[in-house]
Protein chains: 2
Amino acid sequence: MDSSANVSERQVQAPSLAISTVIFALRDDTATGRPEIWLPLVRRIRQPHLGRWALPGGPLDGRESLQDAAARNLRETTDLDPTYLEQLYAFGGLDRSATQRLVSIVYWALVRPEQADLARASENVQWFRASEVAGLAFDHDEIVAYALGRLRGKIEYGSVAYHFLGDRFTLAQLRGVYEAVLGKQLDPANFRRQFRSAKDIAPTDEVLQGGRNRPPRLYRYTGARADPPGVDDGTGAGTRTGLAPGTGVRNPVGVPGAMQADVVAEAAGGQS
Amino acid sequence: MDSSANVSERQVQAPSLAISTVIFALRDDTATGRPEIWLPLVRRIRQPHLGRWALPGGPLDGRESLQDAAARNLRETTDLDPTYLEQLYAFGGLDRSATQRLVSIVYWALVRPEQADLARASENVQWFRASEVAGLAFDHDEIVAYALGRLRGKIEYGSVAYHFLGDRFTLAQLRGVYEAVLGKQLDPANFRRQFRSAKDIAPTDEVLQGGRNRPPRLYRYTGARADPPGVDDGTGAGTRTGLAPGTGVRNPVGVPGAMQADVVAEAAGGQS
DNA sequence: TCTTGTTAAGGTCAGTTTGACTATAACTCA
DNA sequence: TGAGTTATAGTCAAACTGACCTTAACAAGA
């Protein structure tokens with residue numbers, strides 16, 4: 001509206017650009033044995049929000065692509081290469097940071113629990129249960145909530161779930177992923193039925209020995225494991241490989257239904 | 001990899017930030033009478049790509065939120081306020097523009113055909129059939145293709161289709177929207193069946209007079225018309241109000257199916 | 001060695017949804 | 001008045017879902 005001259009110096013400056021990354025991994029609950037969603041956070045070592053936990057990230061310099069910068073966040077925080085990395089959203093509200101106008105392009109990643117050295121908690125890097133994350137710096141609480149919503153939405157389609165798992169997995173493990181992400185139990189028999197007829201999943205001739213019950217067969221994911229290089233869709237359009245079965249997420253037929261808005265955010269700050 | 005000093009001046013500078021907007025409207029084909037997807041483009045009046053068509057957009061200054069800047073693009077190009085406006089993706093490849101490192105945050109919008117003054121084609125603003133767009137400046141071809149993929153993905157859920165239509169509409173008009181977006185014909189009877197049981201659609205007691213056939217009943221969309229203010233989801237998570245019926249888009253059940261990757265892009269340039 | 005507990009794996013069944021198709025209603029135009 | 005076209009309602013078989021049942025395979029303990 002008002003484009004006259006009397007604006008503060010700060011607002012006239014071009015916004016700063018930062019990349020942040022929400023990294024999800026599964027970890028079996030020590031009590032129930034059921035997998036839960038965890039994510040690493042880093043402690044801020046400067047103002048603003050000094051000392052608070054925040055998403056890994058930093059300013060974007062001119063030499064990296066967005067995705068490369070996010071992958072670097074991932075490496076520096078977890079020592080892992082991404083098995084899944086996708087752009088989440090660009091947060092650019094005017095008051096995300098008190099000290100500067102900051103636009104953060106946020107990525108989200110999935111890593112495998114075996115790889116993620118969850119024990120590698122240092123003074124400034126620690127893993128938290130996603131359900132218990134609160135009080136983060138900037139608007140990172142909302143970003144995490146938004147990322148969780150996206151994860152749920154994405155798992156209803158294909159492929160994503162497999163990025164939490166290793167090369168071979170049992171149907172029970174796969175079901176565990178779905179249950180952790182969707183936050184509800186699924187019928188094992190129906191889950192099996194749907195996944196047995198899935199195109200991108202193939203039984204191996206191996207079984208998982210060592211359990212105390214009947215040894216489950218191991219399966220292999222035969223679809224695309226990662227997004228095509230340089231390709232990165234911002235929604236469900238991309239690597240979608242079919243619908244998640246047994247999801248309990250019945251086909252939202254009947255057309256327009258109830259407003260299902262997930263947690264959304266127009267905010268967030270970058271770790272700089 | 002190489003963080004030594006011998007890098008060009010340009011690459012060391014912070015990337016420039018721009019906002020671009022893909023604006024979709026429907027327009028009835030003069031021959032078949034069936035609606036098609038159109039979008040406005042602006043001619044570049046400076047280098048690079050001088051004279052070529054490009055998405056409306058411009059640099060982000062420090063005083064606007066991302067969404068506000070996109071809404072301004074929309075207004076300045078079409079004289080319309082957004083009925084639907086959502087973030088599409090942030091494009092940040094290293095070589096999107098030859099002259100500078102440029103990161104573009106792209107929005108996409110839907111407008112109503114009655115409102116969109118399609119005739120208002122000036123020397124530097126013109127509407128094009130989405131299916132015929134080609135040869136745009138920067139990587140805007142790919143951005144448009146990506147936006148079309150997102151539109152298709154989104155229409156399979158709820159609400160989005162209605163933003164193409166006015167307050168009252170017939171089921172045939174609504175079906176026309178779906179057919180234009182999905183690029184295939186749908187069975188009128190089945191389409192009707194599903195939408196009649198839809199929660200967010202209600203029949204009025206009016207019919208549309210003046211046609212040469214049986215006058216169709218008018219319906220009203222009773223769900224949320226626009227995204228909550230300031231709220232803007234980057235995917236299908238947000239305003240999702242149910243699945244599109246009759247879509248022919250059968251529930252992608254059976255779990256993982258065929259890789260359905262839509263057109264994606266890691267590129268694009270901003271109109272500056 | 002037999003019993004018990006637990007998970008794996010396969011199957012049944014009723015209710016719902018889908019896609020293809022048919023039939024009738026309502027209107028304009030020739 | 002009859003032909004043509006769209007609106008609207010219904011039918012039917014195939015497919016899918018969710019709930020539930022049965023049997024297989026294994027470990028641990030009696």
Side-chain angles (χ1 to χ4, degrees), chain A residues 28 32-35 156-157 168-176 178-179 182 184-199 201-219 242-257, chain B residues 28 32-35 156-157 168-176 178-179 182 184-199 201-219 242-257:
Chain A
D28 289 347
T32 69
R34 272 201 266 274
E156 296 175 11
Y157 295 89
R168 315 264 147 142
F169 51 87
T170 69
L171 289 184
Q173 290 171 334
L174 185 59
R175 180 165 48 86
Y178 278 82
E179 291 179 337
L182 298 173
K184 63 178 174 188
Q185 312 241 141
L186 303 172
D187 183 303
N190 292 338
F191 187 87
R192 163 182 310 279
R193 175 178 56 194
Q194 296 197 257
F195 275 89
R196 273 210 337 163
S197 64
K199 245 187 290 187
I201 202 177
T204 68
D205 46 6
E206 310 163 60
V207 294
L208 181 62
Q209 304 284 4
R212 58 180 140 306
N213 305 312
R214 172 172 175 175
R217 180 173 298 277
L218 288 170
Y219 290 81
L243 176 56
T247 297
V249 181
R250 182 72 177 280
N251 194 0
V253 190
V255 196
Chain B
D28 288 346
T32 69
R34 271 202 266 276
E156 296 175 11
Y157 295 89
R168 315 265 147 138
F169 51 87
T170 69
L171 289 184
Q173 290 171 334
L174 185 59
R175 179 164 49 87
Y178 278 83
E179 291 179 336
L182 297 174
K184 64 178 173 187
Q185 312 240 141
L186 304 173
D187 183 303
N190 292 338
F191 187 86
R192 163 182 311 278
R193 176 178 55 194
Q194 296 197 257
F195 274 90
R196 273 209 337 162
S197 63
K199 244 187 290 186
I201 201 176
T204 68
D205 45 6
E206 310 163 59
V207 293
L208 181 62
Q209 304 284 3
R212 57 181 140 311
N213 305 312
R214 174 173 174 175
R217 179 172 299 277
L218 288 171
Y219 290 80
L243 176 57
T247 298
V249 181
R250 181 70 177 279
N251 194 0
V253 189
V255 196

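Here is the naming used below: chain letters follow the sequence lines, and residue numbers restart at 1 for every chain.
Ion pairing between a basic and an acidic side chain is recognised when a charged N comes within 4.0 Å of a carboxylate O; A/Glu179 and A/Arg34 show no such pairing.
In the set C/dA8, D/dA7, C/dA20, D/dA7 carries the atom at the smallest distance from any side-chain atom of B/Arg214. For A/Asn213, the side-chain atoms get nearest to C/dG5 when compared with the rest of D/dA19, D/dA7, C/dG5. Listed nucleotides D/dG18, C/dA9, D/dT8 differ in distance to A/Asn190; the shortest reach to its side chain belongs to D/dG18. Comparing C/dG10, D/dC26, D/dG4 by their nearest atom to the side chain of A/Pro215 picks out D/dC26.
Comparing B/Ala172 and B/Arg193 by the nucleotide of DNA chain D that holds the closest heavy atom to each, the one mapping nearer the 5' end is B/Ala172. Nearer to the 5' terminus of DNA chain C, by closest-nucleotide assignment, is the contact made by A/Pro216 (compared with the other of B/Ala189 and A/Pro216). Taking for each of A/Gln209 and B/Tyr219 the nucleotide of DNA chain D with the nearest heavy atom, the 5'-most of the two is the partner of B/Tyr219.
Taking atom CG of B/Leu218 as the reference point, atom C1' of D/dT8 lies 15 Å away to the nearest angstrom. Counting to the nearest Å, the P atom of C/dG10 and the CD atom of A/Gln194 are 15 Å from each other. Residue A/Leu186 contributes atom CG, which lies 14 Å from atom P of C/dA8 at whole-angstrom precision. A straight line from CG of B/Leu171 to P of D/dA7 spans 9 Å, rounded to a whole angstrom. For the pair A/Leu208 CG and D/dA27 P, the computed distance is 12 Å after rounding to whole Å. Put simply, CG on B/Asp187 is 16 Å from P on D/dT11, counting in whole angstrom units. Remark: P of C/dA9 and CZ of A/Phe195 are 14 Å apart, rounded to the nearest angstrom. Nucleotide C/dA8 holds its C1' atom 17 Å from the CD atom of A/Glu206, rounded to whole Å.
To the nearest 0.5 Å, atom OH of residue A/Tyr219 and atom CD of residue A/Gln173 are 12.0 Å apart. Here B/Leu186 contributes atom CG and B/Tyr178 contributes atom OH; the two are 9.5 Å apart, rounded to the nearest 0.5 Å.
Residue A/Arg212 places no side-chain N or O under 4.0 Å from the OP1 or OP2 atom of D/dC26.
When all heavy atoms of B/Leu208 and B/Pro215 are compared, the closest pair comes out as O-CB, 3.5 Å.
You'll find the side chain of B/Val207 stays beyond 4.5 Å of the side chain of B/Leu218, heavy atoms only.
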